[in-house]
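Hydrogens, waters and symmetry mates are skipped; everything else that's a heavy atom, side chains included, is used. So that the names make sense, note that chain A is the first sequence line, chain B the second, and so on, each numbered from 1. The shown structure was predicted, so the numbers you read here are calculated from the model rather than taken from an experiment.
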Amino acid sequence: MNTHLGLIGKKLGNTQIFTDSGEVRRVTVIEGGPCVVVGKRTPEKHGYTALQLGFGKKRTKGVNKPEGGFYTKLGIDAPKVVKEFRVAPEVAEKFEVGQQITVADVFEAGQFVDVSGTSKGRGYTGVMKRHGFAGFKASHGAHEYQRHGGSIGMNMTPGRVFKGKKMAGQHGNKKITVLNLRVVKVLPEEGLVLVEGGVPGPRNGIVTVRTAVKKADKRFEA
Amino acid sequence: MSSTVPQIAALEKAQLRDVPPFRVGDTVNVHFRIREGDKERIQVFTGVVIRHHRAGLRSTFTVRKISYGVGVERIFPVHSPRVEKIDIAARGHVRQARLYYLRELRGKKARLRASQRAGTEQVLKDHGVKDAGAAGGKKKKRGKKRKKKAAEA
């Protein structure tokens, strides 16, 4: 489980960056935070340690009374998105409820991060688009069977279709995490993180960026 | 094209470099920084611009030259920090945006007429080769001679 601190952010889009040595890095620009700590989970009360972070501002019309009351007490606007980040107790200690966290607090150029987001929804999709099946021939007598998936199993033995059989269905609009993306640049003033590579979801989609679980920090060679 | 997202547009704009106003058909000297091991040096690539792909920060241009009888083309990113300098050695008169037809032509047929466009002299003065003789291309000389003749006449 990822117990590193992260931020909730918004995917702004893709561009490219020239490094000092003149190489091109393809980057995704993410507006990371600022996030507000809206709550804390403690071992005593909840059995685990976590920080609850809020991002953005919900329009007043969408805030009901109990929710509004909760945030008024904290003295902040009701956030659009709230997410919980499981963190180590030492990390949780450093932050107070109501405190703001910005990109500069969490990320550094050169480190690796994992980015999660909701992938673009493609609706109910056939087997060729969803699983990359090859389909069938357009000629040689093939007839009304160009984009089908073929057989889905055998006969009496096993007498059933195996679980997990790749078939048509909903494609996309699902939480996807991309691991080990390198942070190319952090712009604290603009609140931007530039991450090398692609990130799931459409522009203006909500993503979470966390320090990578599987890859240790490595300094970025300029 | 620059991005419609203001933050990204600003990022891209900040990386744009000052580039001389070269056009397709111009003969240019591209001073390109090259790394060999841990040493860095500048190599000059001289040839005709046969394509200018205008795409904001992602813009590139293709330069074609004949090297030892073999056609060589290189694509340079316009805004790369490795492109040290671009000199305009001569301006050619062209009627196409992409000069792919030059690939089919050899020798004398692969020449371009000097541009008669207004302002050519000024551009050459501002962005031309300052240390003449350092990179002497036949095309450049020819173009200049013609212009001299035209001026005398």
Residues, nucleotides or ligands: over 12 heavy atoms within 6.0 Å of A:R203 CZ: no

Are the side chain of B:Q7 and the backbone N or O of A:G191 linked by a donor-acceptor pair below 3.5 Å? no

Does any heavy atom of chain B fall under 4.5 Å from the side chain of [X], the backbone, both, or neither of them?
X      : result
A:E190 : neither
A:N14  : backbone
A:L192 : side chain
A:I17  : both

Hey, are B:E104 and B:K109 close enough for a salt bridge, meaning a charged N less than 4.0 Å from a carboxylate O? no

If we only count heavy atoms from C-beta on, is the A:R25 to A:K185 side-chain gap below 4.5 Å? no

Is any side-chain heavy atom of A:Y71 less than 4.5 Å from a side-chain heavy atom of A:V63? no

Only one of B:D26, B:T120, B:T27 passes side-chain hydrogen bond (donor to acceptor under 3.5 Å, both in side chains) with B:R91; say which it is. B:D26

For A:V106 versus A:G6, what's the shortest heavy-atom pair and its separation? CG1-CA, 4.2 Å

By residue number, those in residues 79-91 of chain A with heavy atoms under 4.5 Å from heavy atoms of chain B are none

Kindly assign one of parallel, tilted or perpendicular to the pair B:H52 and B:F61, based on the angle between their ring planes and the thresholds 30° and 60°. perpendicular

